[in-house]
Protein chains: 2
Amino acid sequence: MTLPTFAGVLVPVLTPFKPDGAPDAGRFAAFCRWLLDQGADGLAVFGTTSEANSMSAGERMRLLDHLVAAGIPAAKLMPGTGACSMTEAAELAGHAVRHGCGGVLQLPPFYYKGMTDDGIFAFVSGVIERVASPALQVYLYHIPPVAVVGYSLDLVGRLIKAHPATVVGLKDSSGDWKNTAALLERYPGFAVFPGSEVFLLDGLRQGAVGCITASGNVNVPGISKVYQNWRGPQADALQAEITSLRKMLNAYPMVPALKRIVAHYHSDPDWAAVRPPMLPLGEAQAKALLAELARIGFSLGEPPRKAA
Amino acid sequence: MTLPTFAGVLVPVLTPFKPDGAPDAGRFAAFCRWLLDQGADGLAVFGTTSEANSMSAGERMRLLDHLVAAGIPAAKLMPGTGACSMTEAAELAGHAVRHGCGGVLQLPPFYYKGMTDDGIFAFVSGVIERVASPALQVYLYHIPPVAVVGYSLDLVGRLIKAHPATVVGLKDSSGDWKNTAALLERYPGFAVFPGSEVFLLDGLRQGAVGCITASGNVNVPGISKVYQNWRGPQADALQAEITSLRKMLNAYPMVPALKRIVAHYHSDPDWAAVRPPMLPLGEAQAKALLAELARIGFSLGEPPRKAA
């Protein structure tokens, strides 16, 4: 059995919190719906940008329950199942599979440092064995700037070989184009997503299937335009536009900045809330960011319908 | 109200796993009892050496339930409540408080990197506010070589000042004596534990209250002798002995090595099991380690009574 793999522009969806700090399931589902309406090809909920690791496993599973109940198509969902423990990662992945999610995004175990490829191989294999479902589609999540622990090029190959029907892709948030290019060259047919739209066009030209990118939360239309037109004459110009916006955003703490943008353009101040250890953008930074965006004529389009 | 703080030799207890990978609660309780019988002053269960972060929150809480049910005095327990999410850390800490544990050992949120002291302050304060119990005694767990994220000297002072009845101590596993010395100098009365017995005597002489050390799993009597006699004429010689054993152990992956030692000396091969991403010691390494120990006449004493 070959299951369809994800492709296109996937968004690691921001997670809204209520004033008391609890995840806001209604606002979250409305935002997911809005991202799909904007043209997102998939939603990588519970990634780094989602502050997933600032939520307990139970909080993440209840949010996923709510999304599916609210009618977000499970096939469009690639929930992050990152956890330091094999048992918790397997619990999250099994829960996603039971909901019919199109895939899961699996961090390596990120607490212990200096572990061997053999040890990380045993972890991922242990998760897959515990879930024990042919419907499980694992996308490896390589983000050494945050997780420190990563998937080496060799380890990726070993995992594909050991689990060919299950380990189907990878999000490369290394920020290192050489690593992305090496993955594309060594593992043709493996679904590689650069972790930033800055590498989207270069990636597509070398075999990447799309990108999974934080700034998708505020720029699905722009990024999708590159994806839709990458073989066309406008591709480089369109790429330059999205690269320019991303570089502006990179000057700010990404998650607080994105949330502040959503709060501002959707006139919904509660959106700015983050969970510690993150903190909201300071007022001076927020002003500078919003002024930069105003200067380039940035727009977010119609806000989502308010959650019931 | 002033609650008693921990002092002396605390052991971050190894967690035994069954052949199917599940935590072995019976063997764990027997080992905890044995460590106390050997003279351990407290048990820092669910630390780094315990592979706590390779277990789900539920697995950790069920093990703690079992320990207390098995008669291990809760006042002797300082469970690790490390989690990347404030909600999960608070759940673990609240559970420990309800059991009457003498304290908890709190990692900073370790997934996101480059967070500010303000953000980590908000995280720890958030945990304390959520537990909302005067019985909560927090020991900060500073272990940047593994967690990467740590508690700066200034942040420690801010946390003590904000929560004087709650933030009562710190385990310093930085491996940096200068940091330990600075903590002792700046925060007199704060219960500082070096994270290795190598710094025990130096620490005690400058105001430390003991140590919390991995090798306590196999050397409580030796380390306790330094603690008991640190003002006596033999102190330096006793310290040299335990430093020498620790330096031998440091040449091996610590957790697999300690487990292999317990398995060997207690004739209980299942003890060698670790959870991925850790792997058991290879046979050549195990042979070399056991030969070194035999050469120095190492002994573990009587094994614990087999768990029912």
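Letters go in sequence order (proteins before strands), and every chain restarts at 1.
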### Task
Can you tell which part of Asp117(A) gets under 4.5 Å to a heavy atom of chain B, answering side chain, backbone, both or neither?
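For Asp117(A), there is no contact with chain B at all, as no heavy atom is under 4.5 Å.
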
### Query
Relative to chain B, which segment of Pro253(A) carries a heavy atom at a distance below 4.5 Å: side chain, backbone, both, or neither?
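Neither; nothing under 4.5 Å.
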
### Message
I want to check something: taking the side chain as every heavy atom from C-beta on, are Glu88(A) and Glu88(B) in contact at a cut-off of under 4.5 Å?
### Response
yes

### Test item: Tyr111(A) and Tyr111(B) side chains (from C-beta on) under 4.5 Å apart, heavy atoms
no

### Query
So which residues of residues 272-280 of chain A are in contact with chain B at a heavy-atom cut-off of under 4.5 Å?
Arg275(A), Pro276(A), Pro277(A), Met278(A), Leu279(A)

### Task
Measure the spacing between CD of Glu91(B) and OG of Ser56(A) and express it to the nearest 0.5 Å.
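With rounding to 0.5 Å, CD (Glu91(B)) is 6.5 Å from OG (Ser56(A)).
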
### Separation between CD of Glu51(A) and SG of Cys84(B), rounded to the nearest 0.5 Å
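Output value for this atom pair is 13.0 Å.
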
By a 4.5 Å heavy-atom criterion (distance strictly below it), what part of [X] contacts chain A: side chain, backbone, both, or neither?
X: Arg130(B); value: side chain
X: Ala122(B); value: both
X: Glu59(B); value: side chain
X: Ala52(B); value: backbone
X: Leu92(B); value: neither
X: Thr48(B); value: both

### Message
Would the distance check show the side chain of Tyr112(A) and the main-chain N or O of Ala147(B) forming a donor-acceptor pair, the cut-off being under 3.5 Å?
### Response
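No, Tyr112(A) side chain to Ala147(B) backbone: no donor-acceptor pair under 3.5 Å.
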
### Lys287(B) atom NZ: more than 12 heavy-atom contacts under 6.0 Å
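No.
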
### Query
For His95(B), what residues pass the side-chain contact (heavy atoms from CB on, under 4.5 Å) criterion, not counting sequence neighbours?
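His95(B): side-chain contact (heavy atoms from CB on, under 4.5 Å) contacts with Met61(B), Leu64(B), Asp65(B), Arg98(B), His99(B).
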
### Message
Out of Phe121(B), Phe110(B), Phe123(B), return the one with the most heavy atom pairs under 4.5 angstrom to chain A.
### Response
Phe110(B)

### Task
Identify the two heavy atoms, one from Val146(A) and one from Lys113(B), that lie closest to each other, and give their separation to 0.1 Å.
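That would be O-NZ, 2.5 Å.
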
